[in-house]
Amino acid sequence: MASIWLGLRGTIRDCPGFNPSVDAQEINKAIKGLGTDEKALIDILTERSNAQRQLIVKEYEAAYEKRLKDDLKGDLSGYFEHLLVALVTPPAVFDAKQLKKSMKGTGTDENTLIEILTTRTSSQLKEISQAYYTVYKKSLGDDISSETSGDFRKALLTLADGRRDESLKVDEHLAKTDAQILYDAGENKWGTDEDKFTEILCLRSFPQLKRTFDEYRNISQKDIEDSIRGELSGHFEDLLLAIVHCARNTPAFLAEKLHGALKGAGTDEFTLNRIMVSRSEIDLLDIRAEFKKNYGYSLYSAIESDTSGDYEVTLLKICGGDD
């Protein structure tokens, strides 16, 4: 795993004393016959890491000659089904499917594209691209190219390539140079050189960008966010603001997305499932802390008040606590 995720702060970890064949048997018992033992399914699938769940999937298929995912789909329904299927899907395949979903049909879900491509590490993005091609026999880049346009497309393709530097070391001289380039590309000229924004924001490490933003403020007397809002527009602006937010604090960015998915009329279950599952072994503890700090109540209580039934029970198990 890339160095940026060292010191993981997830809510789900490897289960000690794990035995995939016993778990596969228990899951089969929970699914077959009349009625489903939802509690057994939830307990097993939320108390094992994804790597362990993949071993259960293999054991299940070997023992019963059926795919666990298909049996879950056949036995469950609604958002509960979507959530449990997500739990047994390898992370790169899950992200690939979310990206495909955001681009198929009429209209593109730009927010999902932005969220996934700005919050994954370079190594994760390379795995996602491979998984995308394996599942859809089409490259992720080709689909992004046909579904988006202009500077937004160019920046998404740069991110999807997984070429962002992930060193934790900060180069002070580079930060000053990049800050000046950004200033000259926007505030300091008539018109905007969008390519310079794309190149720096999509390729530099997050610690490096944070330092660059400090230098930018020294040069221009403005926050980089204000300059981006003043100089750019549309989805390209949204994407660059998301990168700035993630460079400053990725868990806060994702807490904001969860807050948006849970507040107001109706729940955005797809965003809720995606973030809860994909961050459960990475930084969900930090996302929880940012949620509480920024909104004054816990993510746990937000899930409790906005969801119900087995779906709620599963999400609360993934969330892992009410602090």
Side-chain angles (χ1 to χ4, degrees), residues 4 82 86 89-164 194-195 197-204 206 209 225 228-229 232-261 267-279 282-283 287:
I4 201 166
H82 296 159
T89 305
V93 175
F94 178 61
D95 279 342
K97 291 190 166 190
Q98 295 282 302
L99 287 167
K100 183 68 171 178
K101 188 171 177 300
S102 73
M103 292 187 281
K104 75 177 188 194
T106 53
T108 303
D109 176 359
E110 290 85 3
N111 287 334
T112 298
L113 280 176
I114 291 170
E115 178 212 303
I116 293 174
L117 293 177
T118 55
T119 57
R120 303 307 188 252
T121 65
S122 294
S123 56
Q124 285 171 332
L125 287 164
K126 287 189 170 79
E127 285 172 25
I128 292 164
S129 289
Q130 283 176 334
Y132 197 96
Y133 191 79
T134 303
V135 175
Y136 300 110
K137 303 294 176 272
K138 225 180 150 185
S139 86
L140 174 58
D142 285 350
D143 277 351
I144 289 172
S145 289
S146 62
E147 293 297 323
T148 60
S149 61
D151 293 307
F152 180 53
R153 168 166 62 196
K154 215 180 278 186
L156 287 174
L157 290 171
T158 306
L159 290 172
D161 267 354
R163 290 185 293 129
R164 186 183 294 287
E194 289 85 358
D195 285 353
F197 278 85
T198 296
E199 191 180 316
I200 291 170
L201 269 67
C202 295
L203 295 177
R204 302 288 187 254
F206 282 172
L209 284 176
E225 292 95 326
I228 288 170
R229 288 189 191 101
L232 307 167
S233 62
H235 299 307
F236 183 50
E237 176 195 341
D238 297 338
L239 175 59
L240 294 195
L241 288 173
I243 293 170
V244 173
H245 198 160
C246 287
R248 293 198 195 280
N249 189 334
T250 299
F253 173 76
L254 291 167
E256 185 183 296
K257 295 288 172 196
L258 284 172
H259 182 251
T267 305
D268 176 358
E269 284 88 358
F270 293 107
T271 297
L272 185 54
N273 287 1
R274 182 173 58 253
I275 297 175
M276 294 299 287
V277 171
S278 66
R279 310 311 286 195
I282 296 172
D283 55 0
I287 293 168

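Numbers here simply count residues along the sequence, with the first being 1.
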A.B. asks: Specify the closest pair of heavy atoms between Lys97 and Val135, including all atoms of both residues, with the distance to one decimal.
C.D. replies: CE-CG1, 4.4 Å
A.B. asks: Counting C-beta onward and ignoring hydrogens, is there a side-chain heavy-atom pair between Leu117 and Ile144 closer than 4.5 Å?
C.D. replies: yes
A.B. asks: Just wondering, do Thr271 and Leu258 contact through their side chains at under 4.5 Å, heavy atoms?
C.D. replies: no
A.B. asks: Can you tell me how far NZ of Lys100 sits from CG of Asp95, rounded to the nearest 0.5 angstrom?
C.D. replies: 15.5 Å
A.B. asks: Could you grab the distance from atom OG of Ser129 to atom CG of Asp161, nearest 0.5 Å is fine?
C.D. replies: 7.5 Å
A.B. asks: Distance check, rounded to the nearest 0.5 Å: Cys202 atom SG versus Leu240 atom CG?
C.D. replies: 6.5 Å
A.B. asks: Within the distance-only criterion (no hydrogens, no angle test), does the side chain of Arg204 pair as donor or acceptor with the backbone N or O of Leu209 below 3.5 angstrom?
C.D. replies: no
A.B. asks: May I have the step-by-step check of side chain to side chain contact (heavy atoms under 4.5 Å, CB included) for Leu159 and Leu239, ending in yes or no?
C.D. replies: CA-CA 10 Å; Leu159 290 172; Leu239 175 59; 3.7 Å; yes
A.B. asks: Under a 4.0 Å N-O cut-off, is there an ion pair linking Glu199 with Lys154?
C.D. replies: no
A.B. asks: Sub-3.5 Å donor-acceptor pair from the side chain of Arg153 to the main-chain atoms of Thr148, do we have one?
C.D. replies: yes
A.B. asks: For the OH atom on Tyr133, are there more than 12 heavy atoms of other groups (residues, nucleotides or ligands in this structure) within a distance under 6.0 Å?
C.D. replies: no
A.B. asks: Within the side chain of Glu127, is there an N or O that forms a donor-acceptor pair under 3.5 Å with the backbone of Gln124?
C.D. replies: no
A.B. asks: Regarding Asp143 and Tyr132, is there a side-chain donor-to-acceptor distance under 3.5 Å anywhere?
C.D. replies: yes
A.B. asks: I would like to know whether Phe152 and Asp238 meet side chain to side chain contact (heavy atoms under 4.5 Å, CB included); could you show each step before the answer?
C.D. replies: CA-CA 9 Å; Phe152 180 53; Asp238 297 338; over 6 Å; no
A.B. asks: So, does Thr89 use its side chain to make a donor-acceptor pair with the main chain of Phe94 at under 3.5 Å?
C.D. replies: no
A.B. asks: I would like to know whether Val244 and Ile228 meet side chain to side chain contact (heavy atoms under 4.5 Å, CB included); could you show each step before the answer?
C.D. replies: CA-CA 10 Å; Val244 173; Ile228 288 170; 3.7 Å; yes
A.B. asks: Working to the nearest 0.5 angstrom, can you tell me the gap between Met276 CE and Ile287 CD1?
C.D. replies: 8.5 Å
A.B. asks: Just checking, is any N or O donor in the side chain of Thr112 or Glu115 under 3.5 Å from an acceptor N or O on the other one?
C.D. replies: no
A.B. asks: If you round to the nearest 0.5 Å, how far is CG of Asp151 from CG of Asp195?
C.D. replies: 6.5 Å
A.B. asks: When rounded to the nearest 0.5 angstrom, what distance separates CD1 in Ile200 from CD1 in Ile243?
C.D. replies: 11.5 Å
A.B. asks: Using modelled atom types only, decide if a donor and an acceptor are shared between the side chain of Arg248 and the backbone of Phe253 within a distance under 3.5 Å.
C.D. replies: no
A.B. asks: Do Leu140 and Met103 make a side-chain contact, defined as non-hydrogen atoms from C-beta onward lying under 4.5 Å apart?
C.D. replies: yes
A.B. asks: Would Arg274 and Ile116 satisfy side chain to side chain contact (heavy atoms under 4.5 Å, CB included), going step by step from the backbone distance to the final call?
C.D. replies: CA-CA 9 Å; Arg274 182 173 58 253; Ile116 293 174; 3.7 Å; yes
A.B. asks: Salt-bridged, Asp283 to Arg279, with N to O below 4.0 Å?
C.D. replies: yes
